[in-house]
Q: 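If you scroll down you'll find the structure; I have some questions about it.
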Amino acid sequence: MSGDVYIVGIDMIPFGRYPTRSLSSLGAEAALLALDDAGLSILDIQALYCGNLMEAHLMVGQRILREIGQTGVPVVNTANACATGATAFREGVIAVKAGLYDLVLAVGVEQMGKGLLGGGKRADGFSAEGVLGSGTMPAMFAQIGSEHSRKYGTTFTQFAKVAVKNHHHSTLNPKAMSRRETPLEEVMAAQMIAYPNTKLMCSINVDGAAAAVIASAEAVKRHGLLGRAVRIRASELTSGPYTPHEFAIPDFNLVTRNCAGAAYERAGVGPSELDLIELHDCFATAELVHYENLGLCAEGEAGSLIDSGATALGGRIPVNVSGGLLSKGHPLGATGIANLYEITTQLRDEAGARQVQGARMGLTHVCGGTPDRGSACVVHILEKA
Amino acid sequence: MTEANTSAPVPAVSFLHFDEVGCAYLRGARCTDCGAVAPGERHVCNACGARGRMKSIRLSESGTLYSYTIVHRSFPGVQTPFIAAIVDLDGGGALQGTLLGVEADPARIPFGLPVKLIYRHSGQTSADGRPFHSYYFAPAENRT
C-alpha cells in the first residue's frame, strides 16, 4: 500500500564493553552498518532520529553525523527510559508516514557502567535506599514478579526458567554479550540480587548501538529495495496510566496492555497471528508478566506457558530467540532498535541457527520506567513485505 | 528570639510532617470526585484530572502488604538483606517502604500481612547534624 512504511536497512554492533570507544563512534558504526544493509548512503537520508538516555542532553545525533557526514538534515534526540531507542525509531516512522520525508535513519546507542542502576543521594544528603524500600531496578522488577506470585502462585522456579531459555537462545546469536548455557540449578543458585531475581535473571549492563533505515513505499520502489524490506504494521507508544499503586511503584503492566492493544488494533491482527516476539526481559520476572500483558496466554497462565516450552525456539510462540536482554545485554538506548533488528532478520529468513521457520509476522516490545517517575512502552508489529 | 533547634528531626520524605507535640504523620490528599488518594499536597488529581477537588488528609497508619522483594544486593553502605515492600494503606493510597520486624525469608512473608506505619531515625543525619526521620512498615501488633 502506498501509505505503508518499511524497514529497508537495519543492523546492530555486537553488544559488549567498549571502554576505549566514544559513544558517537558506536552509534556511527551501527548507522553505517544499517546504511550498508540498505545499500544507501548518508546522502540519501533526510532526517536522523537518535535515541540515547545517559547523554540525552548532549546532542548525540549531531555527534554521530560528525562521524558519518554532516548533511545538515534535521536531528531529533530522544530519551524515554528503556523505550528510548524505540521512541526514536517511532518518530522516524511518524515523519515518513506523515509524508515529510521518505528515507530517514534511526539510531539507538548507549554506553553504560557496570553494576546496579538507580539510587544516589538527594541534594540534602539523604539516601532513600534501604530506608524507603529500594530504588534499584532488580528490586522494582522483583516486586512486579512477586505481585504475579501473589495473584497466581507463580514460583521462583518458573521465573528462573526464563533465564534458562533466553541464555540457551543466546548461544545461537553471535551478537549476544553472554553466550553460554545456564542450567536451572545454576540460575537458581546464582547470587541473589533481589528475590526472586538472581544475578543470572538480571539483564547485563553493556555498551551497544543499533540503527535502522526507514522508508516510504515510494522510496522502496525508487531504490529497488522491496526484496529485503519489512513492513511496519504498527508503531505504538504509551505512557504509564494511573493505577492506585502509582506512588509506590511505576506501572509496567497496564502501560504494556494499552500499547499492545493499540498495536493489535492498528495492525488488524491478534497475538495468535504472530510467529515470534522480542519482549522486554530486563529481568526474568518481567518476561513472565509480559506474556499475559501481550496476550500470549490467558490471565494467570504465564507460569504454565514457560513450563510448556511454548516460548522457546521451536515452540508455539518463541520469545526472545535473540537471547533477550538477559544475555544479549541491555544498552538502554539501543535496545529498542536491536529488538527490531532481530525480528527483521527473522522475517528476512537470515537468522541462521536461531531461525524461526516460516516467520512472517513478529512483535517487538520495550517498556521501562523509574521509581517515583513513571513508565513508557513501545510496541511494533513487523511483517514480511 | 527563637533558637534554631539543632536536634529537630528532618523528614525523609516531603509528605512526612510533625504535629504540634512532635508526633510524625504522613499527609496526603484525597480527590472528592473520584476518591483517589495520593501522598503529599496536590491541586490536580492525577487519577481523574479534576482540579481543585483534592482534600488534605492524614494518610492511614495501617495497611496490608501488597508486594515485596528481599533486597540482597544494594549500593555500597546499605545494609542487606532488607525487605522492600509495597503497602496498600487502609482507606486508600499505597506506599513503598522498608518492612521491619519480619524475617527476610519468602516463606515468612505472607501477602496481605497487616502492617502498621512506624516512624524512626533512619540512621542518617543532615549536614547540620539533624537526624533524618522516616516511616517504616512493621507487622501490626495483634498479629500472632
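Sequence lines set the chain letters: A, B, ... in the order given, protein chains first and strands last, and positions in each chain run from 1.
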Q: Would you tell me whether B:Asp88 and A:His245 have side-chain atoms, one donor and one acceptor, within less than 3.5 Å of each other?
A: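 Yes, side-chain donor-acceptor contact under 3.5 Å.
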Q: Heavy-atom distance under 4.5 Å to chain A: side chain of B:Phe137, backbone, both or neither?
A: neither
Q: Just give me the residue among A:Arg150, A:Gln191, A:Met192, A:Glu147 that pairs up with chain B most often, heavy atom to heavy atom, under 4.5 Å.
A: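 If we count pairs closer than 4.5 Å to chain B, A:Arg150 comes out on top.
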Q: Check this for me: does any side-chain nitrogen of one of B:Lys116 and B:Glu61 sit under 4.0 Å from a carboxylate oxygen of the other?
A: no
Q: Are the charged groups of B:Asp33 and B:Arg53 less than 4.0 angstrom apart, N to O?
A: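 A salt bridge links B:Asp33 with B:Arg53.
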Q: So what's closer than 4.5 Å to chain A heavy atoms on B:Val71: side chain, backbone, both or neither?
A: both
Q: Against chain A, label B:Ile109 side chain, backbone, both or neither, depending on which of its atoms sit under 4.5 Å from a heavy atom there.
A: neither
Q: Name the option with the most non-hydrogen atom pairs under 4.5 Å to chain A; the candidates are B:Leu100, B:Ile86, B:Leu99.
A: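 So the answer, after comparing B:Leu100, B:Ile86, B:Leu99, is B:Ile86.
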Q: Top residue by heavy-atom pair count (under 4.5 Å) with chain A, among B:Gly123, B:Pro39, B:Ala85?
A: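 That would be B:Pro39.
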Q: At a 4.5 Å cut-off on heavy atoms, which part of B:Pro76 comes close to chain A: side chain, backbone, both, or neither?
A: neither
Q: Tell me, out of A:Ser134, A:Pro196, A:Ala142, A:Gly125, who's got the most heavy-atom pairs with chain B below 4.5 Å.
A: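 It is A:Ser134.
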Q: So, do A:Cys259 and A:Thr256 sit near enough that their side-chain heavy atoms are less than 4.5 Å apart?
A: no
Q: So which part of B:Ile70 gets closer than 4.5 Å to some heavy atom of chain A, the side chain, the backbone, both or neither?
A: both
Q: By a 4.5 Å heavy-atom criterion (distance strictly below it), what part of A:Ser127 contacts chain B: side chain, backbone, both, or neither?
A: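 When you check distances to chain B, atoms from both the backbone and side chain of A:Ser127 fall under 4.5 Å.
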Q: From A:Asn320 CG over to A:Leu279 CG, what is the distance, rounded to the nearest 0.5 angstrom?
A: 4.5 Å
Q: If the plane angle is over 60° it's perpendicular, under 30° parallel, otherwise tilted; pick one for A:His330 and A:His280.
A: perpendicular
Q: Run the numbers on A:Gln111 and A:Glu55 for side chain to side chain donor-acceptor pair (under 3.5 Å), then give the verdict.
A: CA-CA 9 Å; A:Gln111 260 183 327; A:Glu55 297 187 22; over 6 Å; no
Q: Looking at A:Arg122, A:Glu246, A:Lys199, A:Met140, which has the largest count of heavy-atom pairs under 4.5 Å with chain B?
A: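 Between A:Arg122, A:Glu246, A:Lys199, A:Met140, the count favours A:Arg122.
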Q: Flag the pair A:Ser203 / A:Asp281 as yes when at least one side-chain heavy-atom distance between them is below 4.5 Å, and no otherwise.
A: no
